[in-house]
Novice: 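Just dropping this structure here.
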Amino acid sequence: MSRPSRLQRQVLSLYRELLRAGRGTPGAEARVRAEFRQHASLPRTDVLRIEYLYRRGRRQLQLLRSGHATAMGTFVRPRGPAEEPGDATAPGTRLDDGGAPKNYFEDTGARETRSDGR
């Protein structure tokens, strides 16, 4: 097996540093592991994305080390009054007066154009 590249060593070092920095912060270790697992399937040839994620991780490490972070989590869309746990509406939709789902993004006021351009 070949030796790891410099970028691979940097990513592994960042992973260890993030885990160490997040030891006292609730949810930090689990979030770090989940984030790295999520991007583990990136191809080695996608260097631009790997470098971008590396820089993003460095910024997050600085925030963790600064002491201002009290907990680490993810953004979760809050449930509205019309939505229930079993509600199957898509994100960005709400129920209109008739009870049918209405998408916020579809109501632009523009007329639909047919596929033939008329």
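Sequence positions, counted from 1, serve as the residue numbers for this chain. On a predicted model such as this, the values are computed, not experimentally measured, just so you know.
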Novice: Arg20: which residues meet the salt bridge (Lys or Arg N to Asp or Glu O under 4.0 Å) condition with it, sequence neighbours left out?
Specialist: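 Salt bridge (Lys or Arg N to Asp or Glu O under 4.0 Å) list for Arg20, sorted by chain: empty.
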
Novice: I'd like to know if the side chain of Thr25 reaches the main chain of Ala28, judged simply by a donor and an acceptor atom lying under 3.5 Å from each other, with no hydrogens or angles considered.
Specialist: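 Not at all, since once roles are kept as given, no pair shorter than 3.5 Å links the two residues.
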
Novice: Which distance, rounded to the nearest 0.5 Å, do you find between the CZ of Arg55 and the CG of Leu14?
Specialist: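 Those atoms lie 12.5 Å apart.
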
Novice: If hydrophobic clusters are built from ILVMFWY residues whose side chains come within less than 4.5 Å, do Tyr15 and Tyr52 share one?
Specialist: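 Yes, Tyr15 and Tyr52 fall within the same hydrophobic cluster.
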
Novice: Is Val11 reachable from Leu19 through a run of hydrophobic residues whose side-chain heavy atoms are each under 4.5 Å from the next?
Specialist: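 Hydrophobic grouping puts Leu19 with Val11.
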
Novice: Between Gln10 and Tyr54, what is the shortest heavy-atom contact and its length?
Specialist: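 Distance-wise, the nearest heavy atoms are O-CE1, 3.5 Å.
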
Novice: Looking at every heavy atom in both Leu61 and Ala21, which two are closest together, and how far apart are they?
Specialist: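 Looking at all heavy atoms of both residues, the shortest contact is CD1-CB, 3.7 Å.
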
Novice: Assess whether side-chain hydrogen bond (donor to acceptor under 3.5 Å, both in side chains) is satisfied between Ser66 and Gln62, documenting all intermediate values.
Specialist: CA-CA 6 Å; Ser66 71; Gln62 288 176 347; over 6 Å; no

Novice: Can you check salt bridge (charged side-chain N to carboxylate O under 4.0 Å, His left out) on Arg58 and Glu17, steps first, answer last?
Specialist: CA-CA 9 Å; Arg58 277 280 164 209; Glu17 289 178 50; 3.2 Å; yes

Novice: Pair up each side-chain donor or acceptor in residues 38-50 with any protein partner under 3.5 Å, not counting sequence neighbours, and list the distances.
Specialist:
residue : atom : partner : partner atom : Å
His39   : NE2  : Glu35   : OE2          : 3.4

Novice: Please determine whether residues Phe36 and Leu7 belong to a single hydrophobic cluster, defined as Ile, Leu, Val, Met, Phe, Trp and Tyr linked transitively by side-chain heavy-atom distances below 4.5 Å.
Specialist: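 Linked within one cluster.
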
